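Each remark here refers to the structure printed beneath this line.
Bear in mind the structure is a predicted one, so any value in this text is a computation, not a measurement. As a basis for the values below, the full set of heavy atoms in this structure was taken, side chains included, without hydrogen atoms, waters or symmetry mates.
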There are 2 protein chains.
Amino acid sequence: MSKQPTVSDIARLAHVSPSTVSRVLTGSSRVHPAKSAAVRAAIEQLNFRPNLTARALSLGKSMVIGILTQSMMSQFYGELAQGIEEGLAGSGYQGVFASGHWESLDEQAALDILLARQVDGLIVLGGYHPDIDLRAINKQIPLIAVGRHIEGLEEHCIRVENASGSFQAVRHLIDLGHRRIAHISGIPSHLDACERQRGYTEALTSAGLAVDERLIVEGNFTEQSGLLALETLLARGSHFTAIFAANDQMAYGIRLGLYRRGLRVPDDISLVGFDDLLGSVYTTPPLTTVRQSMLEQGRQAACGLLRLLANEPPALPSITTELVIRETTARVRG
Amino acid sequence: MSKQPTVSDIARLAHVSPSTVSRVLTGSSRVHPAKSAAVRAAIEQLNFRPNLTARALSLGKSMVIGILTQSMMSQFYGELAQGIEEGLAGSGYQGVFASGHWESLDEQAALDILLARQVDGLIVLGGYHPDIDLRAINKQIPLIAVGRHIEGLEEHCIRVENASGSFQAVRHLIDLGHRRIAHISGIPSHLDACERQRGYTEALTSAGLAVDERLIVEGNFTEQSGLLALETLLARGSHFTAIFAANDQMAYGIRLGLYRRGLRVPDDISLVGFDDLLGSVYTTPPLTTVRQSMLEQGRQAACGLLRLLANEPPALPSITTELVIRETTARVRG
DNA sequence: TTGTACGCGTTATCAA
DNA sequence: TTGATAACGCGTACAA
């Protein structure tokens, strides 16, 4: 249990001063090759690791990016996290995750910890945290949001072309002959949810179909809520031949509900999701869905943040969406 | 962009010394109520947050737990991570994740970062890192492993009753009348994989059934490998009516392969997985699998580490397994 | 090119 | 009960 060696230990062993050791560590200035070699040897010998905590304190930069997420467990946030990691790779910055569990208090606590740890930047994944607070934080450290909107900070939010994706999805169903298409929507306070519903509505009206409010049920993006929404929908007794869910997770729940009812997909009911989570290829049958690469969004968020840290504009691109047709959709039975 | 306030700022505003501020912050010793109130007021007024980096340097304790994981994206690690977070909650310790992506180099780099950040403890999730290194690290800081075995550090590894779970699963298939049961195994260097295969073998032999090597195919725990293994199995042409996969992810891949071949589950082939990932309820039909709560393992790992940090023995319990029967298994067709 | 001295923000020790 | 001082490990002016 001997203590970790410090620069001083290395300096002593290499017969140089601590500052010289620091110089070879950071490469901040030229040092004599011989001394440099001696230092390297000493570092090797003592298996020395610079203490990043001390370095952070000295530099006033922690080189860590805080990521405020909601759940470590969902596929959705997992893919996002993976993308962020990829985007940060090689930048010298490390990502640190803290989760809010979709609870205001936890989210506040997680954010506090991140800020107290002196993160150099912040990526906010969804969540309920008030816009005003986030705007205030953005004055202190650069901030990027994905999966949510922040009033007045639009340039710092990854934008997804939700409406066009929804439109394509519903259009696809219409092309297959479906006329009674239900929609399980997301949380209405969520911009993405609104836009997806808008795409649904527009596709219907542009095809001359009426929007039937009885075919629209609200969910909250979880599998559970999808299943529940399906029950509600069936209980209403309105006829329909296809369902467009505002995200894949709800589509999974709906799929289970249909299975339990003995309704076949796509023979009896066609089903479309949104997100194209990795798991959507492995459902049975594989899910037709709208791709909005979460990996790509994570990467873009990370890169945008790195640009902000370099005092450049975030220059976040708009994320395009693309309908991926798999086996949960079929021509409506005559 | 004004700088963050420090204890000195608070001290000045409250007309006390920095030490006193520190005292009310940590509660390390009594302070006059009036002064204490003044300090609190100043903290509130300036919205002060103690700099955890500085505190860590001063204390020699970072209050962070490093978690060396392999992928942020898979459901498997997601659930584990969630459990760890829950186990750490309220302890004052924060978890920091770094992923190795199943690559030696990345894993080494991730570990280096964690150690350089002066983590107070380490949780290793799976991975290839050599036992000898981990034993060395354990001499410096407490360490717990989950999803892997470390020679000589058995007390620090979460043990799962793999064999008994496998046994139950295969026994269940036998009870349903299956006689030709295939097994898609995991990486043979992985202890869990071996034990699960052992349970499979024992269930067969204890029922007086022969173990047919032609019905055993090796996978690597990914969905992809499950699909591939199924192809191999089918190509061999041996007859079978059920498949026991060494984990759920491979079962998903197998399920897709069967679907593509037009083989119905469970009508033509029964399928059993291992893990009971959250997604396994939402496959169609829901997957019969062996539960080894990942959440529980994460929690136990965290609690064990906290005990180590308190200089107590880790006292890690053995994780029990339980067969969860869902709709992917059925009586063999006469 | 190298070494000395100081600062980063906090806590612990000690003396008052 | 309080305040001054030193220390944590590192980077960097500044002087040599």
Is there a donor and acceptor pair, one atom on the side chain of [X] and one on the base of [N], closer than 3.5 Å?
| X | N | value |
| --- | --- | --- |
| B:Ser22 | C:dT11 | no |
| B:Arg49 | C:dG9 | no |
| A:Ser19 | C:dT4 | yes |

Atom pair distance, as rounded to whole Å: [atom1] in [X] and [atom2] in [N]:
| X | N | atom1 | atom2 | result |
| --- | --- | --- | --- | --- |
| B:Arg23 | C:dT13 | CZ | P | 12 Å |
| B:Leu59 | C:dT13 | CG | P | 11 Å |
| A:Arg12 | C:dT2 | CZ | P | 19 Å |
| B:Ile10 | C:dT10 | CD1 | C1' | 13 Å |
| A:Gln118 | C:dC8 | CD | C1' | 11 Å |
| B:Lys61 | C:dA12 | NZ | C1' | 14 Å |
| B:Asn51 | C:dT10 | CG | C1' | 8 Å |

Practice problem: Report the C-alpha distance between B:Met63 and B:Leu52 in whole Å, list the side-chain angles of each, state the deciding distance to 0.1 Å, and finish with yes or no for side chain to side chain contact (heavy atoms under 4.5 Å, CB included). | Solution: CA-CA 9 Å; B:Met63 297 307 282; B:Leu52 296 187; over 6 Å; no

Reckon [X] touches a base, only the sugar-phosphate, or nothing at all at heavy-atom distances under 4.0 Å?
| X | result |
| --- | --- |
| A:Leu57 | base |
| B:Pro50 | sugar-phosphate |
| B:Thr26 | sugar-phosphate |

Self-check item: side chain to side chain contact (heavy atoms under 4.5 Å, CB included) between B:Tyr93 and B:Leu305, worked out
Solution: CA-CA 11 Å; B:Tyr93 285 92; B:Leu305 192 54; over 6 Å; no

Quiz item: Under the side chain to side chain contact (heavy atoms under 4.5 Å, CB included) criterion, do B:Ile43 and B:Leu25 qualify, and how do the steps go?
Solution: CA-CA 10 Å; B:Ile43 288 178; B:Leu25 244 34; 3.5 Å; yes

Quiz item: Taking it one step at a time, do A:Leu111 and A:Ile137 satisfy side chain to side chain contact (heavy atoms under 4.5 Å, CB included)?
Solution: CA-CA 10 Å; A:Leu111 183 56; A:Ile137 289 168; 3.5 Å; yes

Quiz item: Does B:Glu155 CD have over 12 foreign heavy atoms under 6.0 Å away?
Solution: no

Quiz item: Has the side chain of A:Glu79 got a donor or acceptor atom that lies under 3.5 Å from a matching backbone atom of A:Leu278?
Solution: yes

Quiz item: Does A:Gln75 use its side chain to pair, donor to acceptor, with the backbone of B:Met73 at less than 3.5 Å?
Solution: yes

Quiz item: Using a heavy-atom cut-off of 4.0 Å to chain A, what are the terminal contacting nucleotides of DNA chain D, in 5' to 3' order?
Solution: D:dG9 to D:dT12

Quiz item: Hey, does the side chain of A:Lys35 come within less than 4.0 Å of C:dG3's phosphate (OP1/OP2), counting only N and O?
Solution: yes

Quiz prompt | Contact nearer the 5' end of DNA chain C, comparing B:Ala54 with B:Ser28 | solution = B:Ala54

